[in-house]
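Working notes, structure below.
A, B, ... follow the sequence lines: proteins, then strands. Residue 1 opens every chain. Please read all numbers here as calculations on a predicted model, not as lab measurements.
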Amino acid sequence: MPESSLHAPVLDWYATHQRDLPWRRPDASAWDVLVSEIMLQQTPVVRVLPAYVAWLARWPTPAAQAKDAPGEAVRQWGRLGYPRRALRLHAAAVAITARHDGVVPDEYEALLALPGVGEYTASAVASFAYRQRHPVLDTNVRRVLARVVAGVQYPPQSTTATERRTAVDLLPEDADTAATWGVAVMEIGAVVCSARSPRCDDCPIATLCAWRLAGRPAYDGPARRRQTYEGTDRQCRGRLLKVLREAPGPVRRSALEAVWPDAVQRERALDGLVADGLVDPLPNGRFALPG
DNA sequence: TACACGTGGAC
DNA sequence: TGTCCAAGTGT
């Protein structure tokens, strides 16, 4: 069975079933796409939607973003999570303005050099915004390929050379078709071939899926690392930054002390936020979002 | 290569 | 109710 037999059913399904998301509209700029991709890193679409609209209403171009302080980006980020992304998106806007004349670069290597842009995001922007032929390997695509091609329930913990080869092998020859293919496979992973309860009855490639053909065997490998949160430095950092975000200006140390009782952990977390550039310690002993 | 890094919704 | 999961990146 040639792998290209997957193309038509996937592309046909996407043509009629794709969600209407703002960053996919024809008039979405490369900046729009970049903002969406950074926001969507580890964050569900439904939570990104309102944040995305507000962000671009305030900063419709990289130059507009670059003119404001990084702390304003952190504040505007709100409760999306992983606020370092806000800092990096701001830094990317500065870099785009300085190095690329305010235009989001269309070359993969130039994209990869931007802060907060890794292998996936560089491919996504090159593909979705500039219609280039790049394999996009996000968690959705990796899961779909793991099931359809490899016949297993879940992909490996980190992206492997085998997965990259599979993604490249499956890429349609025509660049524009390849770009649509990428977002289409992602969409199947997001709304049909979900992690917990795949809806094989609604899947356009169910009859070609190795995992389904094998009877949907359960994941058989090393335990997937579970993420802890309660009581961690991460939770503490979130509490501290929330105080800064919601204050109109600099805050006293006492305001930070009030949200986390463990002094040792609190100081460690605060030091971490300062080291990450998310918090500015002021000479007067107060703390602020970076200026 | 593992690990750190937020937040909240679903089951 | 606690676990799992969500369009990853940087170190």
Side-chain angles (χ1 to χ4, degrees), chain A residues 18-19 21-24 28 32-52 74 77-89 91-92 111-129 134-145 153-161 163 167 179 182-191 193-198 219 222-245 259-260 265 268-269 271-273 275-278:
Chain A
Q18 63 176 285
R19 291 169 293 176
L21 300 172
W23 45 85
R24 286 185 187 159
D32 296 345
V33 173
L34 177 59
V35 169
S36 77
E37 292 300 340
I38 300 287
M39 286 187 169
L40 286 161
Q41 290 169 4
Q42 301 286 282
T43 307
V45 166
V46 287
R47 287 233 300 290
V48 164
L49 239 19
Y52 168 87
V74 175
W77 197 254
R79 296 183 300 181
L80 270 188
Y82 292 149
R84 292 190 293 193
R85 291 183 292 163
L87 223 42
R88 291 178 181 144
L89 181 52
L111 287 163
L112 194 59
L114 295 173
V117 176
E119 176 182 347
Y120 162 74
T121 303
S123 293
V125 173
S127 179
F128 305 152
H134 291 276
V136 290
L137 262 183
D138 77 323
T139 189
N140 289 303
V141 174
R142 294 183 62 222
R143 186 175 54 251
V144 171
L145 297 186
Q153 187 176 19
Y154 297 118
Q157 293 202 190
S158 56
T159 306
T160 64
E163 289 182 273
V183 72
V185 176
M186 282 179 68
E187 188 75 341
I188 289 176
V191 307
C193 193
S194 60
R196 277 199 177 150
S197 44
Y219 175 77
R224 292 182 296 161
R225 191 167 50 84
R226 81 185 209 290
Q227 47 187 355
T228 57
Y229 186 64
E230 194 67 25
T232 60
D233 285 12
R234 201 163 14 164
Q235 184 184 32
C236 182
R237 287 166 57 107
R239 292 263 188 90
L240 297 176
L241 205 55
K242 177 178 163 69
V243 173
L244 273 294
R245 271 201 318 266
V259 297
W260 198 267
Q265 188 175 30
R268 184 171 66 234
D271 286 348
L273 288 169
D276 287 348
L278 284 163

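E37(A) and Y120(A) share a side-chain donor-acceptor pair at under 3.5 Å. A donor atom on one side chain and an acceptor atom on the other are found under 3.5 Å apart for R85(A) and T43(A).
Phosphate contact (OP1/OP2 of dA7(C), side-chain N/O of Q41(A), threshold under 4.0 Å): absent. OP1 or OP2 of dG6(B) has at least one side-chain nitrogen or oxygen of R237(A) nearer than 4.0 Å. A sub-4.0 Å separation between OP1 or OP2 of dT9(C) and a side-chain N or O of T121(A) is present. A sub-4.0 Å separation between OP1 or OP2 of dC5(C) and a side-chain N or O of Y154(A) is present. R143(A) has a side-chain polar atom (N or O) that falls below the 4.0 Å cut-off from OP1 or OP2 of dA6(C). An OP1 or OP2 oxygen of dT7(B) is reached within less than 4.0 angstrom by a side-chain nitrogen or oxygen of Y229(A).
Distance noted for atom C1' between dG6(B) and dA6(C): 12 Å (whole Å). Here the separation of dC11(B) from dA7(C), taken at their P atoms, is 15 Å to the nearest Å.
Residues satisfying the side-chain hydrogen bond (donor to acceptor under 3.5 Å, both in side chains) criterion with R79(A), sequence neighbours excluded, are absent altogether.
In this structure, R142(A) and Y154(A) have side chains that are not in contact, with every pair of non-hydrogen atoms separated by 4.5 Å or more.
Rounded to whole Å, atom P of dG10(C) lies 8 Å from atom CG of L112(A). Here the C1' atom of nucleotide dG6(B) and the CG atom of L40(A) are 15 Å apart, to the nearest Å. For D276(A) and dC5(B), the CG to C1' distance is 8 Å, given to the nearest whole Å.
Annotation: of the two residues near DNA chain B, V46(A) and G81(A), the 5′-most nearest-nucleotide partner is G81(A).
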